[in-house]
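Each remark here refers to the structure printed beneath this line.
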Amino acid sequence: MSKLGVFDMAVRYGKLTAVTGASFTLSEGARVFLTGPNGAGKSSLLGAIAGAVRTAHGRVEIDGEIVSGRGAEDIARHGLSMVPEGRRIFAGLSVRENLLVGTGIRPDREAVAEDLETVYAAFPILAERRHAPAGALSGGQQQMLAISRALMTNPSLMLVDEPSLGLAPKVVDEVYERLCALQDLRRLTLLIVEQSATRAARVGGRMLLMRGGRIVADGDAAAFAADDLLAEAYFGDPA
Amino acid sequence: MTLQLLFDALSLGGIYAIAALGIALIFGVMKLVNFAHGQFIACAVFALIVPSADAIATLGIGALPAPLLIPVVLALGAGLAVAAEALVFRPLRHASPVSLMVASFALGVLLQNLLLVTYGGRPKALSLWAGLGAPVPVLNAQVPLLQLIVIGAVAVILVALALMLKRSRLGLEMRAAAEDFGMARLLGVRANRVIAGAFALSGALAAVVALVLVAQTGVADVRMGGAIMLIAFIATVVGGMGSLTGAVAAGLMLGAVSAALQAFLPPEARPFRDAFLYALVILVLLIRPQGLFAPAGAKPRV
């Protein structure tokens with residue numbers, strides 16, 4: 001059984017179609033990049049899977065159970081966690097409070113405390129600034145916090161929207177290193193929106209290419225980098 | 001004289017602060033300016049007395065001993081607010097803030113008319129805790145006992161609320177939701193729980209205001225919610241919409257300025273005290289249109 005299944009998904013904003021006919025499945029433990037040019041519908045698709053964006057059509061399954069149509073707060077209880085575009089840190093809350101917001105769905109308080117220590121050990125800067133307002137962190141630190149905050153819900157499936165947005169290339173390297181390490185450690189299934197196909201190829205994994213609201217290609221990220229399909233998707237005529 | 005003024009300022013400002021908090025709490029989590037808050041206060045007042053159109057009110061719940069009366073009235077206020085949320089605002093959850101605001105106006109008018117039908121339109125005299133008017137010597141001033149109790153109660157409520165918001169699970173979820181509700185939901189925070197919690201707190205605070213108003217004035221008037229609602233709303237705007245600290249600070253300031261104007265204006269200008277007060281409010285908003293304490297969620301994200 002696949003970890004995540006998306007079937008014939010459509011998202012519309014008024015008359016504008018953001019996503020249409022999107023179908024794919026993710027096997028457990030997979031790392032999958034969702035790439036494509038600006039406005040291809042990547043974030044809308046991610047938001048629709050997480051329940052943050054209303055879907056016009058289609059079905060989402062997590063572990064074979066249909067979750068589409070439920071609210072984001074219910075989908076979070078099915079082991080899905082999201083690192084949204086722009087990070088959306090709670091700026092006025094302390095770093096520690098940011099990490100704790102998502103732990104309300106976990107019954108085991110001791111495991112939460114343990115995970116908090118794990119996060120602090122992995123990111124000493126978050127431990128050091130734990131009582132500081134999260135809005136005072138740098139962009140890279142906020143990205144680490146957003147990833148850690150998503151992990152604190154103890155997810156099995158994590159959606160990450162443009163983790164490289166607005167960060168220096170060196171910081172992006174670090175963010176991806178951390179993400180991959182965490183994935184191995186936690187046996188996470190990762191779906192990452194990444195505008196740069198080159199970046200996706202370098203990190204490695206499966207790649208879904210989106211364009212004009214459709215998934216136009218699906219394959220290994222490294223193989224794509226050499227392919228004409230990529231240039232076609234970014235620069236070619238809309239089909 | 002100055003000590004007297006300090007007590008006046010604190011007790012008046014404290015009540016404004018509690019009323020403003022009731023509005024700011026709900027605005028914080030769902031961007032609704034609840035204009036029915038004044039009627040929540042009026043309903044809590046009338047809950048004390050037996051329904052009738054008589055000019056002298058007969059105490060019903062209001063005749064209970066204080067240790068029983070206070071929790072009962074607070075629970076009634078909270079219950080009314082939670083019911084209003086479930087019946088009126090929940091179906092409108094995804095409507096625009098303007099629609100929500102209009103709905104709150106409608107609810108306020110409905111509640112006021114329900115009171116009018118049940119209790120008649122004439123203001124009623126009622127005496128709640130009559131002994132509290134007795135003056136108590138504090139240093140060189142004579143302060144009514146009630147004023148001291150109000151100041152003490154406001155202080156206790158503010159500390160308790162701050163602790164609740166800072167330390168409890170619901171408080172954390174409310175603060176997160178106030179900054180970014182969509183993100184909080186993505187992290188599994190239950191929208192209904194947070195919003196109902198905010199309404200319950202707001203309703204309980206309305207009941208506190210109701211008890212103080214009745215004890216101070218000895219009058220139950222169907223229209224009594226309007227005046228306090230206006231000043232509380234102004235306090236939330238001056239404080240910065242959505243900022244709880246701002247609502248409290250601005251409430252206290254409005255009370256202090258009001259008490260000072262009352263004391264220092266020449267007698268012939270005193271009837272226009274509120275005009276002076278609101279002129280000051282306009283001045284503050286001209287200088288800081290976002291209010292004194294714009295909440296973190298209102299700042300642009302980098």
Side-chain angles (χ1 to χ4, degrees), chain A residues 46-47 49-54 70-94 96-106 109 112 131 133-139 142-143 146 149-155 158-159 161 165-167, chain B residues 24-25 27-30 90-91 93-96 162-197 239-247 290-302:
Chain A
L46 224 56
I49 295 169
V53 173
R54 240 170 60 100
R70 308 210 190 152
E73 58 199 57
D74 284 323
I75 294 178
R77 285 171 170 74
H78 281 85
L80 182 147
S81 197
M82 174 122 160
V83 183
E85 191 177 12
R87 304 183 281 270
R88 289 170 72 177
I89 288 297
F90 302 110
L93 269 56
S94 74
R96 181 172 173 277
E97 287 169 341
N98 266 276
L99 292 169
L100 290 179
V101 171
T103 60
I105 61 177
R106 300 175 62 178
R109 297 286 95 191
V112 169
H131 297 301
L137 297 179
S138 75
Q142 286 191 12
Q143 189 65 63
R149 180 181 64 180
L151 281 169
M152 288 298 294
T153 67
N154 195 26
M158 208 155 98
L159 312 185
D161 199 346
L165 197 73
L167 300 183
Chain B
L25 271 170
F27 183 84
V29 296
M30 63 183 295
R90 191 167 300 179
R93 188 72 58 80
H94 300 287
S96 73
L163 280 177
M164 181 262 155
L165 286 170
K166 196 76 193 161
R167 299 281 164 81
S168 76
R169 178 80 225 165
L170 181 63
L172 174 66
E173 292 183 351
M174 283 174 66
R175 285 186 297 135
E179 276 199 38
D180 186 339
F181 215 128
M183 188 62 232
R185 294 189 68 185
L186 281 169
L187 290 166
V189 170
R190 292 258 183 233
N192 284 347
R193 177 179 129 98
V194 167
I195 290 174
M241 287 308 297
S243 163
L244 300 182
T245 323
Q290 75 276 39
L292 297 172
F293 298 77
K299 280 183 207 145
R301 271 186 286 274
V302 188

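The structure presented is a predicted model; accordingly, all values stated were derived computationally and were not measured. We name chains A, B, ... by the order of the sequence lines, and we start the count at 1 in each one. Computed from heavy atoms alone, side chains included, the values below leave out hydrogens, waters and symmetry copies.
How far CZ of A/Arg88 is from CG of B/Asp180: 4.0 Å, rounded to the nearest 0.5 Å.
Listed options A/Gly102, A/Pro133, A/Gly139 were ranked by heavy-atom pairs under 4.5 angstrom with chain B; first place goes to A/Gly102. Across A/Leu80, A/Leu100, A/Thr153, A/Asn98, the residue that shares the most heavy-atom pairs under 4.5 angstrom with chain B is A/Leu100.
In this structure A/Arg96 satisfies the salt bridge (Lys or Arg N to Asp or Glu O under 4.0 Å) test with no other residue, sequence neighbours excluded. Every side chain to side chain contact (heavy atoms under 4.5 Å, CB included) that A/Ala150 has, sequence neighbours left out, goes to A/Ser81, A/Val83, A/Met158.
Looking at A/Arg54 and B/His94, their side chains never come closer than 4.5 Å, going by heavy atoms from C-beta outward. Using a 4.5 Å heavy-atom threshold, the side chains of A/Ile105 and B/Arg190 count as separate.
Minimum heavy-atom separation, A/Glu97 to B/Leu172: CB-CD1, 3.6 Å. Closest heavy-atom contact between A/Ala76 and B/Leu187: CB-C, 4.3 Å.
Listed for the B/Glu179 side chain is a donor-acceptor partner under 3.5 Å among the backbone atoms of A/Ala91. Checking side-chain atoms of B/Arg185 against main-chain N and O of A/Ala52 turns up no donor-acceptor pair under 3.5 Å.
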Report task. Might you work through the side-chain contact (heavy atoms from CB on, under 4.5 Å) test for A/Glu73 and B/Arg193, ending with a clear yes or no? Result -> CA-CA 11 Å; A/Glu73 58 199 57; B/Arg193 177 179 129 98; over 6 Å; no
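Within the 4.5 angstrom heavy-atom criterion, only side-chain atoms of B/Arg169, from C-beta onward, approach chain A. With a 4.5 Å cut-off on non-hydrogen atoms, A/Ser94 does not touch chain B at all.
Residue-environment remark: CZ (A/Arg109) exceeds the threshold of 12 foreign heavy atoms within 6.0 Å.
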